[in-house]
Protein chains: 2
Amino acid sequence: MNPDIVRERQNATFDVEKLTNILDGGPEKTKRRREIETLVLHDPDFKEEDPNFLSRSERYDQAVRKSAQMILKLREYGIADPDEIYCYKSMVSCNQHEAMGLHFAMFRPTLYSQCDNQQAKIWLPLADSTQVIGTYAQTELGHGTHLRGLETTATYDPATQEFVLNSPTVSSIKWWPGGLGKTSNHAIVLAQLHTLGNCHGLHAFIVPIRDMSTHEPLPGIVVGDIGPKFGFSEVDNGFLKLENVRLPRENMLMKYAKVEPDGTYVKPPSEKLTYGTMVFIRSMIVGQSAQALSKSCTIAIRYSAVRHQSELRPGEPEPQILDYQTQQYKLFPLLATAYAFIFVGQYMRKTYHRITGDINQGDFSELPELHALSAGLKAFTTWAANSGIEVCRMSCGGHGYSRSSALPDIYVNFTPACTYEGENTVMMLQTARYLVKSYQRAKNGQQLSGSVSYLNEAEHQRLQPQPVAARPTVVDINDLASLVEGYKLRAATLVQIAAKSIQQELQHRKNQEDAWNNSAIDLVRASDAHCHYVVVKLFTDKLGEIGDTAIHSVLSTLALLYALHGITQNSGDFLQAGLLSVPQMMLISARIKELLSQLRPNAVALVDAFDIRDKKLNSVLGRYDGNVYEHLFEWARRSPLNSTEVHESFHKYLKPLRAKL
Amino acid sequence: MNPDIVRERQNATFDVEKLTNILDGGPEKTKRRREIETLVLHDPDFKEEDPNFLSRSERYDQAVRKSAQMILKLREYGIADPDEIYCYKSMVSCNQHEAMGLHFAMFRPTLYSQCDNQQAKIWLPLADSTQVIGTYAQTELGHGTHLRGLETTATYDPATQEFVLNSPTVSSIKWWPGGLGKTSNHAIVLAQLHTLGNCHGLHAFIVPIRDMSTHEPLPGIVVGDIGPKFGFSEVDNGFLKLENVRLPRENMLMKYAKVEPDGTYVKPPSEKLTYGTMVFIRSMIVGQSAQALSKSCTIAIRYSAVRHQSELRPGEPEPQILDYQTQQYKLFPLLATAYAFIFVGQYMRKTYHRITGDINQGDFSELPELHALSAGLKAFTTWAANSGIEVCRMSCGGHGYSRSSALPDIYVNFTPACTYEGENTVMMLQTARYLVKSYQRAKNGQQLSGSVSYLNEAEHQRLQPQPVAARPTVVDINDLASLVEGYKLRAATLVQIAAKSIQQELQHRKNQEDAWNNSAIDLVRASDAHCHYVVVKLFTDKLGEIGDTAIHSVLSTLALLYALHGITQNSGDFLQAGLLSVPQMMLISARIKELLSQLRPNAVALVDAFDIRDKKLNSVLGRYDGNVYEHLFEWARRSPLNSTEVHESFHKYLKPLRAKL
């Protein structure tokens, strides 16, 4: 064990294990998590070479092997709870993705939720036994977010009782679905349904794409891998071109909408039913943001504790990097953010399950709120984690660029979350639509509930942008409750500014759509402020649940840092809204420096509490024992370019070159 | 040609060719650049497969081949001017790096500048004929920025007149030098020189590391590649462990410092001589920031012109992404930044050459200013370009994640510039040291010159942070000269705040070093504001040189956008310093929206003016003809995972799995 990191752990003021329990949701959960992780840790089947040493094809091969093994092992161990499966898979996949992820995350759930009884009898056993391996093919080469823009067609032919599927243009080729390129033999294809001369919009079809025995593509199917990407090297995201592919009528998923044998279209009873999955996945992504940032902070903070560099005082030995104020200023606000996002993730999961219960009893009243919140928070947390990972990486000096640090892998495998499951700017605008609607309702005297209820107060207080000095400042910078209030009023102000911008645009122009587009900058800003408020509030709320004094104290420091740092990053908003004064801004800067010093002795303990095992972290810089340099050297020597002392290029190019000069 | 992009070009209000000439520095330069680029374009030796389809070893192999070919071809064509060589090599390397880059960028220049006459006669011909291929080995596994911390030793043995070189610890292993792992047979090694019992600090030694005929590592040398990285896949960054390696005395570079045969150490005449190279390289990096951002904007803006998505008005066809305000808000400020950085890069090169002339005549007076400016601007521009590339990438939706977009390659190959040649935070603090010193001098009544002369004015005006409303606002938001003034006063305020923080710390604590460290956040902020001021000023100055009315108009719009956008991103600073009022901030937001609309018709023409050829851009999304989707499909089909229809993993894992379930 590196002596620096031992000393760090001795200096901690709180019990790390107790904090880990809080993060897991109780000591029993910690115990069970560790049991599951240990299963992977001691399993020789999951000992493997660093994927960074392998070619793309070898990485894919290894990932398919692991996917297949996981299916068998999960059955063998009887692990069936979704959270436990997630925990097991995360430990196996480390910083990479699962090759067969979409089969489990999208293909099977869609079959379960959208097959009618007869279809379920046929397809579920096939999917469960992996006779059928599937994916979910929605996006197309030229179409993503906007579902009505999708071009793939499914035209019903009553004569043969078949659908004819086509990709009529290059831009309509299905593109991006995970597992589509090489792994799947079936895909659920979303296509515009045409029957009896009418188009009824997008519907889902089960399309066989490869022969179940030979795995060769079927006639009319052009399928393959979309090529190397930034991350997701283990996954064969694929393309699919459909050329007059004929499907029996029974291959349309018919639990809700139907096409009768004669071609008559039967509408689904409700449109809201597909809403839930999106909300669930976006809520999950909030947790993944927290996870990616926790890993990155663990690596950067542990390495900053053992890395010595430059000098603070002449003649003295090089200090730990973590003693530099600039390093603390880079990392501790991110550490605070990681904690904040963990608590937000817990809240989102809990809320999702509560509201799902309501929905199952026919109560849809909270769904719009949850939908808006999950969209905005998905964008807010992924953007913050995305840039935070890179700050962590760059805080590690040169070695942050080495694949051995794991930070490049964490980044490239996380960053797509900013785009998939709802592009972030689009997500922010969806939340903004809800906020502006709520603002209008409040203005019309309606009483709002949930996270937007502050818009009622704002209306009462008639917030107006006006010269700063003319308004009393309202925030006590040392009081979290008061800071939450400040964030709330900032959000209210920005929602109001956005709503007014739309109004002004309407006065100058003709239509609603242009007014919306010409206010989009303000709308995104309002959503961002709303989400920021929610995060500060949920972090503060969480403190109320913490009984242990020492942990309460350190988490309060983190929460205060999170809130004050957020203010300095957006100081113009708070000054403009008259929520804080210029002298208060100066005090906040000074207070942040104090908080950094206060957190310094607990920094390593705070990342230890995330309890991310070395195997899962897979980072030479983030090792629990702090023995970084020996292992970096050892890792480099294993690198494939070192398998021979002399690379063939010497004989091919360098030696001949001399003769020519 | 895609009709959307044709229409964009028809709508431009200025002559693209004329703007290209301005960026190149004149029509003759444009012509010559294109001649050189065309040499590469039509050279069948440089037709190659996308490196993203190759393994690491194949990529390295291909890069060595190209390096060797370039040496021959540059001789054949008689291209010897450094700028022209740079242009040729950029075209060959596209978004990747040159395998033998360090031989030309560091090894040979160091030999040229630090060999004494006798050494020059031996080593220069060997290096020029590539008998000797070398690199520059400074950083160590545990040591980067702080040169005094380097541990490698060179101990002189008068008995044999040899130096004995050692890596005494794991952390002292040389680490990171490009070309060290596999390519080089020599390295210039920086080591602590010990002779006659005294240590004289770092000196440079020519160390043979591989046999010149067999290329096998020599005795006592442990050398290899440091393993895969985030980018730089073509480069064999290496490690070097020295185990009692004996070198003849003549292998120490002796132009300045010397060791006599009896071990007597002779000091170099001046320390300042090595200063210049750093300044030069950092100035070059400013230009590279501009280049990376220009490429990224070219890709993102062209693709946004041909990509259609979602709907603005119900029932109408999907609009070009570039018509969304949020997309304009992401991309146009970056486009403005790219232009700003090009002009800053031109200024830095010019200033470097001017001051180098002065230095050669013994006048060192401007060197500290240039040193401080190049350090800060290196950090300021690389950070901005670094995050800007990612904004461009994420503005391309899913396809920005495809390696075919080139954006991942541009990012991973550019981001190390934030760390190498001076870690950015360290750079900002170096500039801050100069600013604080200058501030003290101004306070003591000294008249300052150069970019910091405003600190004199600031002292006259006795700037004080005080309630915003109590001070008159000074900035006219539509006047660039006035905005430059605003940025200047912001910088002055922040320098003052940082200086005062140090003073306050000194009053509370004992030593200068802690006071400095406890003010580091303020110091970085002050440097950042200083650099921001310089960039706004240089962009504005450049406009004065532009005669063409149409180009002057569009560049003025860009400059105004750059300045106003910077204010909104740092609005707290301007409000706190009382430079702008709250109502002005609202006006700025509105003005920015107008500027975005104004730039919209010229966006494609403005990136066309960068004149980056398709071959060099190597991006499916950024193609000049806008025919994106056909080529994306074609690229994907060539991907190695598609070389067989059925991947072997099906037979190895998936088929057997079924039998077990």
Side-chain angles (χ1 to χ4, degrees), chain A residues 52 55 61 64-65 68 129-130 141-142 144 146 149 170-171 176 182 215 224-230 309-310 312-313 318 325-326 329 394 397-398 401-403 408 416 418-419 425 467-469 513 517 520-521 571-572 575-576 582 585 629-630 636 639 641-642 646-647 649-650 653 657 661, chain B residues 52 55 61 64-65 68 129-131 141-142 144 146 149 170-171 176 182 215 224-230 309-310 312-313 318 325-326 329 394 397-398 401-403 408 416 418 425 467-469 513 517 520-521 571-572 575-576 582 585 629-630 636 639 641-642 646-647 649-650 653 657 661:
Chain A
N52 284 301
S55 73
D61 191 275
V64 175
R65 176 176 60 73
S129 64
T130 67
L141 189 40
H146 185 57
V170 173
S171 55
W176 277 112
K182 295 283 152 183
H215 212 62
D225 181 83
I226 63 165
K229 296 146 297 187
F230 202 40
Q309 191 76 248
S310 293
L312 280 172
R313 296 184 201 87
E318 298 183 286
Q325 191 182 62
T326 46
Y329 191 61
M394 292 204 269
Y401 297 86
S402 170
R403 290 272 174 181
C418 295
T419 304
T425 302
V468 171
E513 290 75 20
N517 187 33
I521 297 170
S571 56
L575 289 169
Q576 271 182 269
V582 169
M585 282 297 169
Y629 296 126
E630 305 83 312
S639 158
L641 226 48
N642 295 326
V646 179
H647 193 266
S649 58
F650 171 74
Y653 315 119
L657 175 65
L661 286 173
Chain B
N52 284 300
S55 73
D61 191 276
V64 175
R65 176 176 60 73
S129 64
T130 67
Q131 303 286 318
L141 189 41
H146 184 55
V170 173
S171 56
W176 277 112
K182 294 284 152 186
H215 212 60
D225 181 83
I226 62 164
K229 296 145 298 186
F230 202 39
Q309 191 77 248
S310 294
L312 280 172
R313 296 185 199 84
E318 298 183 287
Q325 191 183 61
T326 47
Y329 191 59
M394 293 205 269
Y401 296 86
S402 170
R403 290 272 174 181
C418 294
T425 302
V468 171
E513 290 76 17
N517 187 33
I521 296 170
S571 56
L575 289 169
Q576 271 181 268
V582 169
M585 284 296 170
Y629 297 126
E630 305 82 312
S639 158
L641 226 48
N642 295 326
V646 179
H647 193 265
S649 59
F650 172 74
Y653 316 117
L657 175 66
L661 287 171

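It should be emphasised that the depicted structure is a prediction, and the values quoted were computed from it without experimental measurement. Within every chain, numbering begins at 1; the chains are lettered A, B, ... in the order of the sequence lines, protein sequences first and strands thereafter.
In this structure a side-chain-to-backbone donor-acceptor pair under 3.5 Å is present from B/Asn642 to A/Asp225. A/Glu630 contributes no side-chain N or O that, together with a main-chain N or O of B/Val170, makes up a donor-acceptor pair within less than 3.5 Å.
Scored by the ring pair (Phe, Tyr, Trp, His ring centres under 6.0 Å) test, B/Tyr653 finds no partners at all (sequence neighbours excluded).
Only the side chain of B/Glu318 comes within less than 4.5 Å of a heavy atom in chain A; its backbone stays farther off. Interface remark: B/Ser649 contributes backbone and side-chain atoms alike to the contact with chain A (heavy atom separation under 4.5 Å). Only the side chain of A/Ser639 comes within less than 4.5 Å of a heavy atom of chain B; its backbone N, CA, C and O stay farther away.
In terms of non-hydrogen atom pairs under 4.5 Å with chain A, the most contact-rich of B/Gln325, B/Arg403, B/Lys229 is B/Gln325. Contact count against chain A (heavy-atom pairs under 4.5 Å) is highest for B/Leu141 among B/Val646, B/Leu141, B/Thr326, B/Leu657. The residue among B/Ser571, B/Pro408, B/Pro228, B/Ala520 with the most heavy atom pairs within less than 4.5 Å of chain A is B/Pro228. Between chain A and the options B/Glu513, B/Met585, B/Arg65, B/His146, the largest number of non-hydrogen pairs under 4.5 Å is found for B/His146. The candidate with the highest count of non-hydrogen atom pairs below 4.5 Å against chain B, out of A/Ala68, A/Ser55, A/Ser310, A/Gly149, is A/Ser310.
Heavy-atom minimum distance, A/Tyr401 versus B/Cys418: OH-CB, 4.1 Å. Of all the heavy atoms in A/Gln309 and B/Gly144, the pair that sits closest is OE1-N, 3.2 Å. The nearest pair of heavy atoms linking A/Trp176 to B/Gly398 is CZ2-O, 2.9 Å. Contact record, B/His647 with A/Asp61: CE1-OD2, 3.7 Å, taken as the closest heavy-atom pair.
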